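Please read these numbers as outputs of a predicted model, since none were measured by experiment.
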Amino acid sequence: SMVALDLISRKSGGIKKYINGLWNEAERVTPKGVSINASGLEKSLDKLEKSMTAGGKKPSTIKSLEKIGEIRNEIKNGKIPVDRLIPFRKSINEVIDEMGGFSYEVPFKHRPQAKFNLNQVKSNVINTVNKYAEKFNPELAKAWKNANEASAAYSQSNKIANFIQKKIPYVPKSE
C-alpha cells in the first residue's frame, strides 16, 4: 500500500518540522513566571521513583530516575514554574529517540522497559500541564493538546514503519 511505502521511506523532514512548530507554539503561549501546583506531580513521581529504585540501580531505570530528579529540582514549595515543566515533554522524547539510535548506556534488551519507564514520567508531565491549562489557560490547553497528539501519532507511525520493515525487508518501488 502507498501508506506502507510512505512509512517505510519515512520522508519525515516535513512531519518533524510541523511537529516542532506545534511544540514551539505551545512554548510560545506558555506564561512566563507562572507557578502551578505540583503536589500531585510530586506524589506520583515519588511513587514512580519508589517502584523504580526497588532492587537498586538498573539499566532500565537510569534515564527515567534522572528525569525525575531534574523535574524535582524545579519544584519549590509544592509549586513548579509551568514554563520550566513544559520543555520536559520534549526532552524526554529526545532521550527515548536517542535510545532507538546509538545509546550505549542502556543495553538493547533493557530498552523497551526503559522507554516504558520514561513514558510514565512523561505522562506525569503531560497530565500536570493538562490540569493547569484546562482550568486556567485555554490557549495553552489547545496548543499542548495539538503538539502531544501529533507527537504521539508520529511515534506510533514510526513503530508501525519499523514493524513493516522487519516483516518486509525489501519493497520494490511501485511504477
Side-chain angles (χ1 to χ4, degrees), residues 12-54 57-101 103 105-106 111-159:
S12 60
I15 297 171
K16 273 197 166 145
K17 262 189 208 119
Y18 170 72
I19 292 173
N20 267 334
L22 292 176
W23 283 119
N24 294 341
E25 176 59 14
E27 285 176 11
R28 193 185 64 75
V29 300
T30 300
K32 305 286 170 266
V34 171
S35 284
I36 63 174
N37 185 334
S39 58
L41 178 62
E42 267 186 307
K43 268 195 202 95
S44 49
L45 289 180
D46 286 347
K47 218 166 108 180
L48 266 183
E49 189 178 52
K50 208 172 175 165
S51 72
M52 285 182 199
T53 52
K57 218 176 193 177
K58 44 194 178 287
S60 63
T61 57
I62 293 168
K63 296 284 193 182
S64 37
L65 287 170
E66 214 171 81
K67 282 289 161 213
I68 288 173
E70 291 168 356
I71 295 169
R72 216 185 246 128
N73 286 342
E74 300 288 349
I75 300 174
K76 304 274 178 279
N77 308 321
K79 288 191 171 311
I80 189 166
V82 70
D83 63 330
R84 299 291 297 171
L85 179 60
I86 278 188
F88 276 102
R89 168 68 175 81
K90 223 159 65 177
S91 74
I92 292 170
N93 259 29
E94 263 181 47
V95 174
I96 291 172
D97 286 348
E98 182 198 44
M99 232 181 274
S103 168
E105 288 142 292
V106 182
R111 282 181 202 171
Q113 185 61 42
K115 285 179 184 178
F116 176 80
N117 290 337
L118 281 160
N119 277 318
Q120 285 190 285
V121 180
K122 185 169 76 182
S123 294
N124 281 300
V125 172
I126 292 171
N127 295 339
T128 305
V129 175
N130 273 345
K131 266 185 203 137
Y132 155 75
E134 281 168 10
K135 252 189 210 156
F136 304 108
N137 195 323
E139 198 185 4
L140 174 59
K142 190 174 162 222
W144 185 242
K145 185 174 186 261
N146 290 341
N148 278 305
E149 282 179 358
S151 293
Y154 178 66
S155 70
Q156 204 49 47
S157 73
N158 275 352
K159 269 190 208 135

Greater than 12 external heavy atoms within 6.0 Å of [X]'s [atom1]:
X    : atom1 : result
K142 : NZ    : no
N77  : CG    : no
K79  : NZ    : yes

Will you find, in the side chains of [X] and [Y], an N or O donor that is under 3.5 Å from an N or O acceptor?
X    : Y    : value
N124 : Q120 : no
N119 : K122 : yes
R89  : N93  : yes

So how far is it from [X] [atom1] to [Y] [atom2], rounded to the nearest 0.5 Å?
X    : Y    : atom1 : atom2 : value
I96  : E94  : CD1   : CD    : 11.0 Å
N130 : K145 : CG    : NZ    : 9.5 Å
L140 : D83  : CG    : CG    : 10.5 Å
Q113 : T61  : CD    : OG1   : 9.0 Å
I75  : N37  : CD1   : CG    : 10.0 Å
I92  : D97  : CD1   : CG    : 12.0 Å

Donor-acceptor check, side chain of [X] to backbone of [Y], threshold 3.5 angstrom: yes or no?
X    : Y    : value
S151 : N148 : no
K32  : T30  : yes
K58  : M52  : yes

Can you spot which of R111, K115, K63 makes a salt bridge (Lys or Arg N to Asp or Glu O under 4.0 Å) with E98?
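The option that passes is K63.
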Subject >> side chain to side chain contact (heavy atoms under 4.5 Å, CB included) between F136 and I36, intermediate numbers included >> reply: CA-CA 10 Å; F136 304 108; I36 63 174; over 6 Å; no
| Excluding sequence neighbours, so at least two apart, what forms side-chain hydrogen bond (donor to acceptor under 3.5 Å, both in side chains) with S123? |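 Residues passing side-chain hydrogen bond (donor to acceptor under 3.5 Å, both in side chains) with S123: none at all.
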Might you point out which heavy atoms bring [X] and [Y] nearest each other, and give the distance in Å?
X    : Y    : result
A26  : A143 : CA-CB, 3.7 Å
K67  : S91  : NZ-OG, 3.4 Å
E74  : P81  : O-CD, 3.5 Å
W144 : I126 : NE1-O, 3.4 Å
L41  : V125 : CD1-N, 4.5 Å

Check the pair E49 / V121 against side chain to side chain contact (heavy atoms under 4.5 Å, CB included), numbers first and verdict last.
CA-CA 10 Å; E49 189 178 52; V121 180; over 6 Å; no
Do V106 and I62 make a side-chain contact, defined as non-hydrogen atoms from C-beta onward lying under 4.5 Å apart?
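Sidechains of I62 and V106: no contact.
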### Task
Flag the pair V34 / Y132 as yes when at least one side-chain heavy-atom distance between them is below 4.5 Å, and no otherwise.
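Side chain of V34 against side chain of Y132, heavy atoms only: contact under 4.5 Å found.
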Next on the checklist: Any salt bridge linking D46 with R72? Criterion: basic side-chain nitrogen under 4.0 Å from a carboxylate oxygen.
Outcome noted: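 Judged by the 4.0 Å cut-off on N to carboxylate O distance, D46 and R72 do form a salt bridge.
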Only one of S51, S60, P112 forms a side chain to side chain contact (heavy atoms under 4.5 Å, CB included) with N117, so which one is it?
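Of the listed options, the one satisfying the test is S60.
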Problem - Working for side chain to side chain contact (heavy atoms under 4.5 Å, CB included), residues V82 and N137 - result: CA-CA 11 Å; V82 70; N137 195 323; over 6 Å; no
